[in-house]
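For reference, positions follow the sequence shown, starting with 1. Values in this document were obtained by computation on a predicted structure and should not be read as measured data.
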Amino acid sequence: MRVYLAARFEHRHKLRPIRDQIWALGHEVVSTWLDEVARPPAMTREEFRKKLALKDLTEIRSADLFILCTIPPSERGGKEVEFGAALQQFHHKLVWIVGPARNVFHQLADRRFDDWKECLKCLKSIGME
């Protein structure tokens, strides 16, 4: 299964071990933002951000499962836009949340887990099917 992980950008280092566990379960993690590189000097900030956003949306589209981490909350909203993009494709992908439901749209997720341990346990059972 192809998996996209969404979370606060500042917490990517905390999600890298989770990504590795998901890979170990036999799933492919398509979230390249977890290892994002610096902006090339010849590219403006706006160009770079646009390319990142388009890349993320393409990766979300390619995933079979979208997982949003709502631990901790974020005011910027990038991961919520990603969540909305995944919800738009609900006929073609599963949408899960790890952490609390923080808004009305989170109620539309297929599953919600209190923590990553619970989510990984579920992913392990899917990997064995």
Minimum-distance pair of heavy atoms, taken over all atoms of [X] and [Y]:
X	Y	value
Glu80	Asn103	OE1-ND2, 3.5 Å
Pro100	Ile71	CD-CG1, 4.1 Å
Trp116	Val98	N-CG1, 3.6 Å
Val30	Ala63	CG2-CB, 4.2 Å
Phe66	Ala6	CZ-CB, 3.4 Å

Give a yes or no answer on whether the side chain of [X] reaches the backbone of [Y] with a donor-acceptor pair at less than 3.5 Å.
X	Y	value
Gln21	Leu120	no
His106	Ile97	no
Arg39	Met43	yes
Thr70	Ala101	no

Worksheet item: Salt bridge check: are Arg111 and Glu118 linked by an N-O gap of less than 4.0 Å?
Response: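 Result for this pair is no, no salt bridge flagged.
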
Discussion item. I'd like to know if Asp110 pairs up with Arg112 as an ion pair, taking the criterion as any Lys NZ or Arg NE/NH1/NH2 lying under 4.0 Å from an Asp or Glu carboxylate oxygen.
Written reply: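 Judged by the 4.0 Å cut-off on N to carboxylate O distance, Asp110 and Arg112 do not form a salt bridge.
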
Fill in: Residues Val3, Ile67; criterion side-chain contact (heavy atoms from CB on, under 4.5 Å); working and verdict
CA-CA 7 Å; Val3 180; Ile67 305 175; 3.8 Å; yes

With rounding to the nearest 0.5 Å, note down the distance linking [atom1] in [X] to [atom2] in [Y].
X	Y	atom1	atom2	answer
Arg2	Ser31	CZ	OG	10.0 Å
Met1	Leu123	CE	CG	7.0 Å
Leu15	Trp33	CG	CH2	5.5 Å
Leu5	Ile60	CG	CD1	11.0 Å
His27	Ile22	NE2	CD1	8.0 Å
Ile126	Leu94	CD1	CG	6.5 Å

Practice prompt. Please answer: with hydrophobic residues joined when any side-chain heavy atoms are less than 4.5 Å apart, are Leu52 and Leu54 in the same cluster?
Written response: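 Different hydrophobic clusters.
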
Item to complete: Answer with yes or no whether the hydrophobic clustering places Phe90 together with Phe105; edges join I, L, V, M, F, W, Y residues whose side-chain heavy atoms lie under 4.5 Å apart.
Response: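 Different clusters.
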
Heavy-atom neighbours of [X] [atom1] exceed 12 at 6.0 Å:
X	atom1	result
Arg19	CZ	yes
Arg49	CZ	no
Lys55	NZ	yes

Fill in: Quiz item: cation-pi between Arg12 and Phe9, 6.0 Å / 45°
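Geometry flag: set, cation within 6.0 Å and 45°.
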
Practice prompt. Hey, could you give me each pair passing side-chain hydrogen bond (donor to acceptor under 3.5 Å, both in side chains) that has a residue in residues 89-101? Not counting sequence neighbours.
Written response: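 Of all non-adjacent pairs touching residues 89-101, those that pass side-chain hydrogen bond (donor to acceptor under 3.5 Å, both in side chains) are Gln89-Lys93.
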
